[in-house]
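What follows is a short report on a single structure.
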Amino acid sequence: MPEKYDHAAIEAKWQRHWEETRAAFVDTSAPGDKYYMLNMFPYPSGSRLHVGHGRNYILGDALYRYQRMGGRRVLNPMGWDAFGLPAENAAIASGTPPREYTLANIARMKEQLRSLGLLYDWSRELASCDPSYYRWNQWLFLRMWERGLAYRKQAPVNWCPGCRTVLANEQVVDGRCERSGDAVEIRDLTQWFFRITDYAERLLAGLDALPYWSERVKTMQRNWIGRSEGAEIRFSVDGFAEPVVVFTTRPDTLFGATFLALAPEHPLSGEIARRAGATEVAGFIERVRRESRLERESETAEKEGLDTGVAAVHPGTGERIPVWLANFVLPEYGTGAIMGVPAHDQRDFEFARKYRLPIRPVYRTADGDVDPAAMTQAIPHGGVLVSSGEWNGTAEGVQAIRLAVAWIEARRAGQGKVGYRLRDWLISRQRYWGTPIPAIHCGGCGVVPVPDRDLPVLLPQDVAFRGTEGNPLAQSESFVATSCPSCGGPARRETDTMDTFVDSSWYYLRFLNPQDDSRMVDSQRARAWMPVDQYIGGIEHAILHLLYARFICRVLKDLDLVHLEEPFERLFNQGMITRLNPATGKIEKMSKSRGNTVSPDDLSARFGADTVRLYTLFIGPPEKESEWSEDGVLGASRFLNRVNDVAERVAGLPGDGKAGSGPRVTPLTRLEHRTIQRVTEDAQRFHFHTAVAALMEFQRGIAEALEEGTETAAAIRGSMRTLLQLLHPIAPHLTEEWWERLGGERSLLETAWPAFDRDLATSPRVTLVVQVNGRVRGRLDLERGAAEAEAVALAQTDDRIRPWVEGKQIKRAVYVPDRLLNLVVQ
RNA sequence: GCCGGAGUGGCGGAAUUGGUAGACGCACGGGACUUAAAAUCCCGAGGGCCGCGAGGCCCGUGCCGGUUCGACUCCGGCCUCCGGCACCA
């Protein structure tokens with residue numbers, strides 16, 4: 001009886017072999033048919049990899065091997081997104097310095113990847129915490145600073161009390177920190193930003209040129225950028241020099257504006273508050289500011305407002321309308337000020353009702369003029385303009401908006417304007433374990449850039465991590481104390497470090513010249529190797545990382561370092577692996593914190609890495625979520641043992657010298673070609689789960705051929721080799737082993753992916769479904785490509801079908817060659 | 001509310017351009033091997049009904065309708081679930 005194969009010995013052997021032969025090394029300077037594939041580089045966390053992470057890398061490795069066998073020169077590098085908070089928190093908890101902690105994690109994770117049989121070109125390994133990497137973050141920062149793309153400003157920012165640092169907007173999810181889950185507070189701080197908003201339009205337009213990205217991700221990015229067309233309109237304010245500028249998407253409702261509302265953070269709000277006797281205004285501003293972002297943006301938040309007593313001049317009518325403060329006006333969007341049109345905007349309507357402000361409809365609907373007193377809600381759509389001077393009579397819609405914008409622009413009262421939800425990227429972090437921002441604060445010269453020659457600005461080692469003070473970097477006097485590059489006088493270094501998303505926004509370029517200390521990007525190699533042909537990673541990066549990377553790639557293009565705007569040609573987001581959580585009884589995302597992880601190490605020890613790989617790929621379509629099941633692993637293991645068993649029997653076949661009559665078309669040949677076709681097509685769309693199904697049928701076919709003895713030994717050996725090739729991307733160790741034992745000369749990886757004969761992939765005889773009046777009445781076995789007349793004649797004589805057509809007139813026959821014959825009779 | 005995606009057996013899931021719905025696997029039932037068990041191999045199976053049997057009939061891909069000889073697939077209208085955005089002016 002077949003025994004289970006010795007996976008431990010086989011896998012150790014081949015992993016050593018791949019390492020010793022540097023199996024995945026690729027010379028990027030050589031010409032050839034390039035294919036750049038990339039898995040999102042991992043954060044080397046302290047906990048072990050689980051099979052949920054493994055899915056990403058196993059899929060990538062299967063594709064890598066498939067592409068290699070397709071004859072391409074495939075670049076498949078790996079690196080480490082090595083900066084970040086956990087290392088610093090570990091330092092606080094255990095005293096291990098972040099670098100040591102991170103390097104240890106990298107070493108362990110690398111071993112885990114290796115033990116799954118994953119091949120990477122390790123000669124290109126990089127870690128973002130390495131000065132040779134992060135100096136280019138600093139260099140890029142300086143270039144962006146020169147161009148005004150990096151700047152410092154005081155602004156209300158998101159502060160995570162748990163992480164004790166500020167966060168980018170993208171890192172705030174439902175008012176909470178995406179990493180720690182703490183409720184985010186708003187603080188007014190001076191911070192460094194990247195001007196991503198300048199690229200909003202290009203980032204949005206670029207999405208249309210990404211046919212191989214999912215609609216899902218593109219929609220998420222579009223929503224995040226949040227483009228809306230409208231106009232900015234100026235309202236002069238009595239007693240103030242500066243007008244209030246409002247942003248609106250409905251300039252056509254201008255004549256319905258009965259008040260202005262300012263965000264409490266608006267500059268004019270502050271000015272009014274500073275005037276004598278405005279204590280009420282100051283108090284309101286203070287009260288709103290104290291609310292957390294979570295409270296202020298919650299759906300149930302009550303609209304609060306305060307009349308400032310100040311009047312603005314309506315640019316259309318010259319009327320005075322009151323200026324209010326309102327908590328629902330957000331400082332970051334538009335201009336932080338709105339015109340209130342209660343008749344046609346629901347929020348303004350509610351606000352006006354609460355504070356008894358006038359409601360003035362400017363659209364007459366099909367039901368006639370609207371009586372403001374009788375309104376129960378705003379009327380956002382439909383009708384014809386009224387009470388709007390020369391605009392009267394225009395129907396609601398694009399025309400009305402264009403008319404309004406032209407009118408406003410002609411009177412110099414404002415201009416058409418496109419608004420975005422996207423805000424500038426806050427890159428400052430008040431933490432140690434990140435790239436130091438290369439800036440120096442000088443009492444005389446202000447904020448001065450670190451000269452290029454002084455890069456990298458290194459992270460200091462003399463830092464204590466107690467977790468009590470603020471940024472540990474600020475405690476390092478050796479780091480902070482410096483001299484001004486401009487005047488030479490004493491100065492202090494910037495102690496903010498960069499968001500780690502800066503690191504990951506260009507690493508895909510660095511893999512092309514990882515050891516090059518003379519430049520950030522090798523433009524020539526980038527021209528040859530970019531874009532990344534296939535990028536693979538989790539959906540959780542749909543906005544953050546992928547938006548930042550697209551942004552920085554455009555910046556690099558504008559700096560003439562790369563030739564392209566979109567770094568990732570094809571994007572694949574694999575679904576999460578879920579598992580029943582015994583603690584909660586629910587099926588949940590696999591994660592350490594939930595305590596429902598399965599470690600590939602443990603499984604590998606029991607079943608082998610090939611089984612882990614096979615099951616991970618077999619579990620379901622990779623783009624969808626899949627539930628892990630132990631029983632499923634057993635099935636995968638059984639299959640590989642069957643492959644091993646059949647290979648053993650093939651190896652024991654007698655040699656039959658030269659096959660006498662050349663290749664014969666047999667059922668096994670046909671199965672073989674059909675399998676090649678199926679697996680090839682499945683691999684192209686990453687559907688290894690159906691490829692495995694096809695391979696299972698193929699394995700069974702070979703086993704049957706061995707039993708029945710109808711095929712020549714040569715034919716069986718040939719099919720066996722094909723099986724090993726097709727299975728190689730999925731189960732590389734076992735297939736390499738048998739390839740060698742069956743006399744294969746080179747590594748399987750060096751062999752060409754099997755070709756199939758389209759004619760052989762389809763059987764010469766087909767089963768035709770015969771319907772009479774749409775009902776299936778029988779099936780006919782006939783030659784492929786048979787003519788309709790032949791099929792009809794055969795059907796009329798077939799015992800099962802004849803009774804249904806005998807004595808009846810065939811009105812028409814619907815014939816789909818090789819598939820179906822439908823006789824319509826009367 | 002706006003936008004995107006998805007609904008198929010007990011379960012994960014298959015099904016080129018509309019053409020045998022349920023491949024493959026898990027779980028399940030039966031059998032072989034075994035003193036026995038495990039392991040392995042083989043067979044069975046969407047639901048319902050009729051038939052001793054070979055076999056036959058009806059229903060069936062979220063719901064309702066349409067197009068078609070024929071619809072999981074195309075069209076119209078809904079329902080449910082998942083994801084993104086949302087006091088965004």
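Every chain is numbered from 1 and lettered A, B, ... according to where its sequence line falls, protein lines coming before strand lines. Excluded from the calculations below are hydrogen atoms, water molecules and symmetry mates; all remaining heavy atoms, backbone and side chain alike, are included. This structure is a prediction, so every number in the text was calculated from the model and none was measured.
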* Asked: Which is true for A/S626 with a 4.0 Å heavy-atom rule: it touches a base, it touches only sugar-phosphate, or it touches nothing?
  -> nothing

* **Distance-only polar pair, side chains of A/S228 and A/R421, donor-acceptor under 3.5 Å** => no

Give each protein N/O atom lying under 3.5 Å from an N/O atom of nucleotides 1-5 of chain B, with the pair distance.
from, atom 1, to, atom 2, distance (Å)
B/G4, O4', A/T219, OG1, 3.4

* How close or far is atom P of B/G25 from atom CG of A/N641, stated in whole angstroms? -> 15 Å

* Asked: Which part of the nucleic acid, if any, lies within contact of A/Q346, taking any heavy atom under 4.0 Å across all strands shown: a base, the sugar-phosphate backbone alone, or nothing?
  -> nothing

* To do: Give the rounded distance in Å between these two atoms: CD of A/Q699 and C1' of B/C41.
  => 12 Å

* Does A/Y420 have any side chain to side chain donor-acceptor pair (under 3.5 Å) partners at least two apart in sequence or in another chain, and if so, which? -> A/E201

* Asked: Please, which pairs that meet salt bridge (charged side-chain N to carboxylate O under 4.0 Å, His left out) have at least one residue in residues 633-644 of chain A, sequence neighbours excluded?
  -> none

* Given side chains that start at C-beta, do those of A/L167 and A/C177 come closer than 4.5 Å, heavy atoms only? -> yes

For residues 205-220 of chain A, run the donor-acceptor check on the side chains, cut-off 3.5 Å, and write out each pair with its distance to 0.1 Å, sequence neighbours left out.
from, atom 1, to, atom 2, distance (Å)
A/D208, OD1, A/R222, NH2, 3.1
A/W213, NE1, A/F568, O, 2.9
A/S214, OG, A/V217, N, 3.3
A/K218, NZ, A/L210, O, 2.9
A/T219, OG1, A/E215, O, 2.6

Taking only nitrogen or oxygen atoms into account, show me every contact under 3.5 Å that the protein makes with nucleotides 71-74 of chain B, one pair per line with its distance.
none

* Between A/E627 and A/T578, a side-chain donor and acceptor under 3.5 Å -> no

* Which one is paired to B/G44, where only Watson-Crick or G-U wobble pairs with both distances under 3.5 angstrom count? -> B/C28

* Asked: By a strict heavy-atom criterion of less than 4.0 Å, which residues belonging to residues 540-550 of chain A are in contact with RNA chain B?
  -> none

* Across all strands shown, which nucleotide pairs with B/G51 by Watson-Crick or G-U wobble geometry, both distances under 3.5 Å? -> none

* **A/K4 NZ - B/U40 P separation (whole Å)** => 6 Å

* **Closest-nucleotide 5' rank along RNA chain B - winner of A/R700 and A/D348** => A/R700

Set out, line by line, the N/O atom pairs under 3.5 Å between protein and nucleotides 26-34 of chain B.
from, atom 1, to, atom 2, distance (Å)
B/C26, OP1, A/R638, NH1, 2.6

* **With A/Y548 via ring pair (Phe, Tyr, Trp, His ring centres under 6.0 Å) - residues at least two apart** => A/W425, A/F501

* Structure fact -> Here the salt bridge (charged side-chain N to carboxylate O under 4.0 Å, His left out) pairs for residues 243-259 of chain A, sequence neighbours left out, are A/R250-A/D252, A/R250-A/E396

* Look at the side-chain N and O atoms of A/H689 and state whether any lies under 4.0 Å from the OP1 or OP2 oxygen of B/A14. => yes

* To do: Using atom CG of A/N822 as one end and atom C1' of B/G70 as the other, report the distance to the nearest whole Å.
  => 7 Å

* Side-chain heavy-atom pair A/Q171, A/L544 within 4.5 angstrom cut-off -> yes

* To do: Provide the distance between the two P atoms, one in B/C82 and one in B/C26, to the nearest whole Å.
  => 31 Å

* Residues from residues 673-682 of chain A sitting under 4.0 Å of RNA chain B, heavy atoms only? -> none

* Asked: Does B/C33 have a Watson-Crick or wobble partner in any strand here, with both distances under 3.5 angstrom, and which is it?
  -> none

* To do: Write down the distance between CG (A/D645) and P (B/U40), rounded to a whole number of angstrom.
  => 11 Å

* Asked: Mind checking what makes ring pair (Phe, Tyr, Trp, His ring centres under 6.0 Å) contact with A/Y363, not counting sequence neighbours?
  -> A/H344

Give me, pair by pair, the N or O atoms of the protein and of nucleotides 55-62 of chain B that are less than 3.5 Å apart, along with how far apart they are.
from, atom 1, to, atom 2, distance (Å)
B/C57, OP1, A/R777, NH1, 3.3

